[in-house]
S.K.: 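What follows is a structure written as structure tokens; I'll ask about it next.
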Amino acid sequence: MTEKKELVYTKPELKLGYGWGHCPGCHHPIVEKLVCEVLEEMDLAGRAVGVAGVGCSFGFFASINIDGANCAHGAAPAVATGIKHALYGKPLVFTIQGDGDCAAIGGGYVLNAAARGEKITIIMVNNANYGTTGGQLAPTTIMGQVTSTTPHGRNAGQGYPIHLPELLVGMQGVAFTARAAPFTPAGYLRAKSYLKTAFQRQLGEAGLTFVELLSACPPNWHMTPLEAIQWMEDKMLPEYPEGIFKDSGGEQ
Amino acid sequence: MTEKKELVYTKPELKLGYGWGHCPGCHHPIVEKLVCEVLEEMDLAGRAVGVAGVGCSFGFFASINIDGANCAHGAAPAVATGIKHALYGKPLVFTIQGDGDCAAIGGGYVLNAAARGEKITIIMVNNANYGTTGGQLAPTTIMGQVTSTTPHGRNAGQGYPIHLPELLVGMQGVAFTARAAPFTPAGYLRAKSYLKTAFQRQLGEAGLTFVELLSACPPNWHMTPLEAIQWMEDKMLPEYPEGIFKDSGGEQ
Amino acid sequence: MNRTGAMRHDVIMAGVGGRGVLMAGLLLAQAGMTEYRNVLWFPSYASTMRGGPCECTVILSNNIIASPMLSLAQAVIIMETSQAGPFENRVQPGGIAIVESTGLSEKMGRDDITTLYIPAVERAVALGNAQVVNLLLLGAYIETTGVLSPEAIDRVLENRLAGRGREQLLALNKRALREGMKAARDPA
Amino acid sequence: MNRTGAMRHDVIMAGVGGRGVLMAGLLLAQAGMTEYRNVLWFPSYASTMRGGPCECTVILSNNIIASPMLSLAQAVIIMETSQAGPFENRVQPGGIAIVESTGLSEKMGRDDITTLYIPAVERAVALGNAQVVNLLLLGAYIETTGVLSPEAIDRVLENRLAGRGREQLLALNKRALREGMKAARDPA
Amino acid sequence: MPERILVQGNESIGWGAISAGCRHFFGYPITPQNEITDFFARELPEIGGVFVQSESEAASAAMLYGAAAAGVRVITSTSGAGWGLMQEGMSQLANAELPCVIVNMQRGGPGQGTTRHAQMDYLSATRGGGQGGYKTIVLTPASVQECHDLVQLAFHLADKYRNPVVVLGDGILGQMAEPLERSTIEFDPLPEKYWTIRGMGERDAETHNFISCGQGGVIPVLPYTSYGAFLQRLEEKYQAMSADEVRYEIYRIEDARLLMVAYGSTARVCQEAVDMARAEGISTGLLRPISLWPFPTDVIRQKAASGTEFLVVEDSLGQLVDDVRYAVEGKSQVHFLGILDRHLPTDGGMILPNRVLDEIKKVS
Amino acid sequence: MPERILVQGNESIGWGAISAGCRHFFGYPITPQNEITDFFARELPEIGGVFVQSESEAASAAMLYGAAAAGVRVITSTSGAGWGLMQEGMSQLANAELPCVIVNMQRGGPGQGTTRHAQMDYLSATRGGGQGGYKTIVLTPASVQECHDLVQLAFHLADKYRNPVVVLGDGILGQMAEPLERSTIEFDPLPEKYWTIRGMGERDAETHNFISCGQGGVIPVLPYTSYGAFLQRLEEKYQAMSADEVRYEIYRIEDARLLMVAYGSTARVCQEAVDMARAEGISTGLLRPISLWPFPTDVIRQKAASGTEFLVVEDSLGQLVDDVRYAVEGKSQVHFLGILDRHLPTDGGMILPNRVLDEIKKVS
Amino acid sequence: MSRGEIAINEQLCKGCGYCVRFCPQSCIAIPGDRFSPQGYLLAVFTEPDKCNACSICGWMCPEFAIDVYRYVEAETPSA
Amino acid sequence: MSRGEIAINEQLCKGCGYCVRFCPQSCIAIPGDRFSPQGYLLAVFTEPDKCNACSICGWMCPEFAIDVYRYVEAETPSA
Ligand SMILES: Cc1ncc(C[n+]2csc(CCOP(=O)(O)OP(=O)(O)O)c2C)c(N)n1
Ligand SMILES: Cc1ncc(C[n+]2csc(CCOP(=O)(O)OP(=O)(O)O)c2C)c(N)n1
Ligand code: SF4
Ligand code: SF4
Ligand code: SF4
Ligand code: SF4
Ligand code: SF4
Ligand code: SF4
Ligand SMILES: [Mg+2]
Ligand SMILES: [Mg+2]
């Protein structure tokens, strides 16, 4: 029996070059990979326009071969709204935003895009802190977590973690919300499937779609990458369970 | 049997002078009245600090005899946060905001104050449009409602009404949410009781408290005051039911 | 053509919000479009809420119209008694003040201008609709100054109201305009 | 007192983020506080993400220190091979370059400066911890320039590390510092 | 001859945008420009355009960012606090080199201020109120017709330079109605928008387009190889605008020993004052900047050199006057009449023509 | 002699606030000032103070608004886009006359820009970047010690004038460490804060206090009887600041025929260049404005009148240079060295002393 | 028989009709021929006999225009 | 018996260990004595025999450093 070998997994074609310097163990590049794979599998690259927020995903669309932009901190949903309406609803438009970008400074943009029922997909990368600026408290920081602005661990005086996929369920303009943790193989597959459904719902004009993806930030958590994913397993997953929270199905 | 007469209802003492020119049939002055009565009955006037947003309640604290301020459009929850923390939690701090002020431009402020669990009370006056600027679409405008920016009535392309008391239920930092429609006697009493509970929960440090009050805007609705309250009965109440949506009870 | 042959007419109309002050001015300006080379209407009010003081300036001219606000106007129309005091002073010497006089308790103070007292509220109620005070006073103004014919105003009214099932309102407005002209010829 | 009696010492340390370049500079600056009237430490890096180029400037002087950035420095410490090229040019003629040489494939180009090759990674691994490359090179620097005694650095290290159950680390650091001094006396 | 319609300045802004082929408006209500928002909400859907009411002016700017990046002509309008809230976004637009038009119908005062007219955003408009020292061309109309015309010019210049352009009106101009003749103005041909993000399939491209508002060192971005190269590009652009886009109008300045400088509604007042003064035999004239940035420095400097004095009239505590002083370089007198000289102390007050005339007499 | 500690400029800002008795910080992270945010998060709770991380810089400004209205000393800090986003709120603070301190450690460029140092917010800081033409005193330190000292002065001036005060640093200053001696500076007595809103019971009052950021006609507000009266008050305040709060430092200007004008970290570079030039026998000096608004116009004008030339060095495309030109009134030459003259085209570049020296030689 | 009465301040009333709409005893009306100084139609307390001093009209009035009085028996001087 | 193999790009690997942690067949290890040009510890495909070409290591790698190959029977030339 002669054997040949066939390449079954490699860098997606849409990914240009390689990383631009994320820290070891960071899942931001995993999000790049997921997005590329999903767009390739759905054959949507030519129709997709992405918007990155400010944070460690600022350069997302510099190295992905689809049209894209970055923009003001927090404003990606409004930028996506502008693109979508400019082109009369034609493209697939999605954002990549950090948790600080999306939930803190961008909370009002998300809320209002959801209320307007914009046909866009928001992808929020939740690493429970502000990675770019050196690890400050984010709205997603979990109770007790030490950050540079909660040096003794987050306590109730500094509020509670925010759960956007669950929260947005209550808004009529929202068609789909979900959360996945692509740091495990199962989570990776879940993330892909959620992203696919989100894009489908968007194209079906069902409403706003929202996918949260958990991500490690080892240096700011002061952990090694392996410690970081253990911490995610132990602390983040209980706070931020994976799953679909709303799916209006098909179209509007 | 000799008879004397006793004054049983009059303008609350805290209300200084009279209105500063709201339109006939507007409920903004009813909100003033409610706030004054509640503060008087709870004997909290000396401890209260109010913050008005921008809209037809901008002058609220000019004519109420408690310390107060107005501020940037939408920013009242952050201003209230500043006051509360400046005074180390001592005063009763509450906001009066229009629905546009609170839910549109102020949506992010509300969301984040709620996430932080600020011990403040947000009072949102929902008149289903932007009164001050001449009756534009608000996030609270109901489906089909004609406004100056939805001349053919709000349709799904312009999104769906937002229900903040219901939405905020999902946030751990929120202690109490409710909605009342003080344009009927029963609604009036409900509004008073909700405001009282909200203030109690705030003083018990239970978390953020939120009360929505329905209000008419006859001129911008192009109705007489009586038509306006009929419309509220027929259209607004079904969309915005009265009631308590969350009450964490006592203290934190 | 306007009836006087004058190159320019300007007027300030004053009242409170929600009572048709701005609309009266706009009617005049719109009507002036065909008869004058330049037209300007400038409304001024403090807020959208009803009941606050409210004024507008209308200028019709065959020359360039520069300033949109006037120190003093050739004429002032005071549609609400409460505005009589402040606006009487805005008339040029030799100019005209047309004053709604139903609610007026005392005569105006100036003797260097012509003052016309029109009980417009009373007449409007008599016509069956208190809302046409503005048309009445506008009628008095065009009659006194000759700035435009009533037909010029009619045409604008027709454009605005015709064919929308509002013929009755149109007729009422036209009647009020003429009632005002009559009142100006024969003031109270 | 500093051992040379010179009024001023300045040095640029270069490497990549997360490898202790900034810390080495800060140690030197902190230690200089007692021996020099003025001290300046200026870090420069593109982002908080690890692995990017990263440098800091340290100036110890008994005169006023004006500019926080230097065109050319008396000395440059190159902690990471990849930074050798750009930073060799930042040494004044007659100055000193101290270069981590474990990963270096070819010699540096300038002959108007003194270049010290220290296989610091190798030595650090030999000491049991690749993290002390910075202390090794710092040792080489103080030895070569006489800017400060090793004890001055020790004191700062002690303040930072003592009493927190990090005695081992402290000892390792001190050892690395001296190993670096030794290497400077007897370069590879 | 095109039909004349009687419209307010605010509506004329809207008609101007439509004449320029703009079909996209994103904006948030604020007095005294609500008629603009309402206009677009009413008119754009009728002609297949898009009106979206944003949730704030910060969002308006972001929506402009998206729509401009997608390559369409897009406009917003605001005033007062909304203008302040848009500053960050305007700076992002400038960095990302996105062409769009931003209208500010100025109201009164800092903060919430008043809902009425004033001219108090001159400095923040001409100096780039947001972060980082960007520049935008600032055009300022003085009539209803000019609202329509300058909006068209604004779109042209935005596309020409890939830069946001500001139209700075004021509440009086926005509220007043005058006859308007609508027509599309022809301009020189424009560069192709090769850089838009509409989906690669739209242009059958091999490589993507990327719009970035951060040209920093971290990301290897197009089209500038370094941050310095990007700043160089900005500098060249600003120099080109300064050289080519100065616009102003003069009125009866022939023999004027005293020249008024004023813009917008205040220029109208001054024009009347010029006539009044000349009627009394005082020879004065008016220089009305149409572009506030770039500013007509040179013409003023020349006049100053030949001894002409200046009277700056603006409805503020003094902003434009600084640019005039800068131009004059102490070579002649610069007088100032500002908001404290209004006929009423209320927010409805104005510097009336006779007040200007008094000042003309006083200083000449 | 107080203990000397080695701290970064950013931390020194924090120590300065604590020395001034400030116990309240509200702010949002942004590079290159994160050490300030982190400092307050760490230190304030230790001494019974309050640190709140806001959700945005717009929120920071609003929180300052609340805390200042409640009568406490309060500070925030930001940079770049955060500065842009704060403009609306700063204007509100100015209108409501609320004393507070806002620190901007400038980073590079418009938009998102870069995370590194630059000096590109000079104009928006000195001109009031937000709506309505307000003014704030702008102080600019050039050393770690001065960060600490000027923050204290900033608090004093804020309370003296009931106005926000800006401390304009830059990324280099914020990042670099130098020795700091901490001590509380004594200033003249301040007016009582009779106007604060803390609850009437706190002062056993009969009538309430009301803080408003809209002094318009609609609401009968205290303490101004009309909008004109309010604007009059602003004008008087700004005049008083202009008259009394100009600050600058001179270095070796005795016989200088060429005077450099620079602030912040760039002034440090120039100082070195002065020494280098003098060592080569070229007599040049440095004038370092400490208050950027009000600007030391008079001293520059005097120098210009006596023929001194100027070399403005700033890490921008040219902002400060306009104020110098304005002061000079064409009476002598004003040369400029800006961000395009940095030693590297990256955002980590700088105008180095030898580049300045070259220019000195070229123009003198 | 009446248990109370109300006083409507004609300076303040703006004729919205809310008191009329919600008075459980139908004591109030807007006749249509009475105007306030500002020109608003005025509400009038037309049926004093039916008033039970429930205060509802007062609650509902946005203009603080209504004072409500309850009739009380005069205290018998204490023995 | 092996059904596939992987190739780890040593230029890209940053030694996070995710591939090691999640390979169901424990084919990968970080020996600790091998460094990348940037100085990171390197992951090494130590147990080629066990690899089933499941691609999980590839999914988990944030650096796009892993290519996965599956062994396929050579096509028998069509008759
Ligand atoms: C208006 C504004 N404020 C602050 C910043 C600074 N900033 C850049 S990224 C960031 C937070 C990033 O956190 P997150 O969104 O969670 O993304 P991450 O880096 O964690 O992926 C902040 C505060 C900015 N760029 N703009
Ligand atoms: C930043 C900013 N944008 C816009 C405005 C204009 N503005 C004033 S009030 C208002 C909306 C008011 O609506 P709402 O909050 O519902 O209050 P209402 O008047 O209906 O009571 C707007 C848009 C403003 N003052 N500031
Ligand atoms: S700082 Fe955190 S989020 Fe940013 S690249 Fe590093 S690990 Fe990823
Ligand atoms: S506009 Fe509407 S909200 Fe404002 S006062 Fe009038 S009725 Fe009330
Ligand atoms: S008190 Fe009650 S019964 Fe009497 S008038 Fe008022 S609502 Fe009617
Ligand atoms: S409720 Fe008040 S304002 Fe309305 S009609 Fe009755 S008395 Fe008048
Ligand atoms: S392909 Fe699967 S079995 Fe093979 S090394 Fe990777 S994870 Fe292990
Ligand atoms: S997952 Fe990738 S980067 Fe991490 S150790 Fe394995 S090959 Fe290296
Ligand atoms: Mg994050
Ligand atoms: Mg409203």
Side-chain angles (χ1 to χ4, degrees), chain D residues 7-8 10 12-14 17 21-49 52-73 83 86-87 89-90 92-93 152 155-156 159-160, chain F residues 3-10 29 31-32 34-35 108 114-117 142-145 170-181 251-252 262 264-276 286 288 313 315 342-344 346-358:
Chain D
M7 295 300 284
R8 170 173 170 134
D10 56 48
I12 296 173
M13 306 185 184
V21 176
L22 306 184
M23 181 47 66
L26 207 48
L27 281 176
L28 178 64
Q30 190 82 58
M33 287 278 286
T34 44
E35 322 251 335
Y36 293 84
R37 269 224 304 274
N38 293 305
V39 168
L40 186 144
W41 171 81
F42 175 63
S44 184
Y45 49 92
S47 85
T48 28
M49 284 179 295
C54 165
E55 64 176 280
C56 71
T57 303
V58 179
I59 308 173
L60 310 180
S61 174
N62 289 317
N63 290 330
I64 287 172
I65 298 172
S67 177
M69 264 202 213
L70 305 175
S71 312
L72 301 174
Q83 304 304 306
F87 282 92
N89 296 324
R90 302 285 296 280
Q92 289 174 9
R155 277 191 296 274
V156 179
N159 272 335
R160 292 193 164 256
Chain F
E3 188 201 0
R4 293 193 335 155
I5 55 175
L6 182 72
V7 298
Q8 287 180 284
N10 281 337
T31 312
N34 292 313
E35 295 81 6
T114 88
T115 57
R116 309 291 283 276
H117 52 270
S143 70
V144 167
Q145 182 70 45
D170 58 59
I172 289 181
L173 201 62
Q175 295 300 314
M176 76 190 200
E178 290 184 316
L180 167 70
E181 290 178 9
Y251 183 70
R252 303 181 79 173
S265 58
T266 310
R268 299 278 294 253
V269 172
C270 290
Q271 195 182 353
E272 188 137 334
V274 167
D275 290 347
M276 291 161 82
L286 170 66
R288 176 171 75 85
V313 185
D315 203 17
R342 282 175 166 202
H343 80 299
L344 292 172
T346 65
D347 57 354
M350 194 187 183
I351 312 164
L352 291 176
N354 59 340
R355 179 69 189 84
V356 178
L357 179 63
D358 289 350

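Each chain gets a letter, A, B and so on, in the order its sequence line appears, and its residues count up from 1. All values reported here derive from a predicted model rather than from experimental measurement.
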S.K.: Flag yes if more than 12 heavy atoms outside D:I64 fall under 6.0 Å of its CD1 atom; otherwise flag no.
M.R.: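 It does not: D:I64 CD1 has 12 such atoms or fewer within range.
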S.K.: Looking only at side chains, do F:R116 and D:S44 share a donor and an acceptor under 3.5 Å apart?
M.R.: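 Indeed, the side chains of F:R116 and D:S44 share at least one donor-acceptor pair under 3.5 Å.
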S.K.: Using non-hydrogen atoms and a 4.5 Å limit, figure out which bit of D:L72 sits close to chain F: side chain, backbone, both or neither.
M.R.: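 Neither part.
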S.K.: Of the non-hydrogen atoms in F:Q175 and D:F42, which two are nearest, and what is the gap between them?
M.R.: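 The pair with the smallest heavy-atom distance is CB-CE1, 4.0 Å.
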S.K.: If every non-hydrogen atom of D:S71 is compared with every non-hydrogen atom of F:P353, which pair is closest and at what distance?
M.R.: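 Closest pair (atom of D:S71, atom of F:P353, distance): OG-CD, 4.0 Å.
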S.K.: Kindly indicate, with the supporting measurements, whether the criterion side chain to side chain contact (heavy atoms under 4.5 Å, CB included) is fulfilled by F:V269 and D:M69.
M.R.: CA-CA 8 Å; F:V269 172; D:M69 264 202 213; 5.9 Å; no
S.K.: Got a second to check how far F:N354's CG is from D:S67's OG, nearest 0.5 Å?
M.R.: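 Taking CG in F:N354 and OG in D:S67, the distance rounds to 9.0 Å.
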S.K.: Name the region of F:I5, side chain, backbone, both or neither, that has any atom closer than 4.5 Å to a heavy atom of chain D.
M.R.: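 Backbone of F:I5 only, per the 4.5 Å heavy-atom cut-off to chain D.
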S.K.: Under a 4.5 Å cut-off applied to non-hydrogen side-chain atoms, are F:P179 and D:R37 in contact?
M.R.: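 A side-chain contact is absent here, since even the closest heavy-atom pair is not under 4.5 Å.
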S.K.: Answer whether the closest heavy-atom distance between the side chains of D:I65 and F:M176 falls below 4.5 Å.
M.R.: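 D:I65 vs F:M176: side chains apart.
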S.K.: Under a 3.5 Å distance rule, please check whether F:R4 uses its side chain to pair with a backbone N or O of D:M33 as donor and acceptor.
M.R.: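 Yes, because the side chain of F:R4 sits within donor-acceptor range (under 3.5 Å) of the backbone of D:M33.
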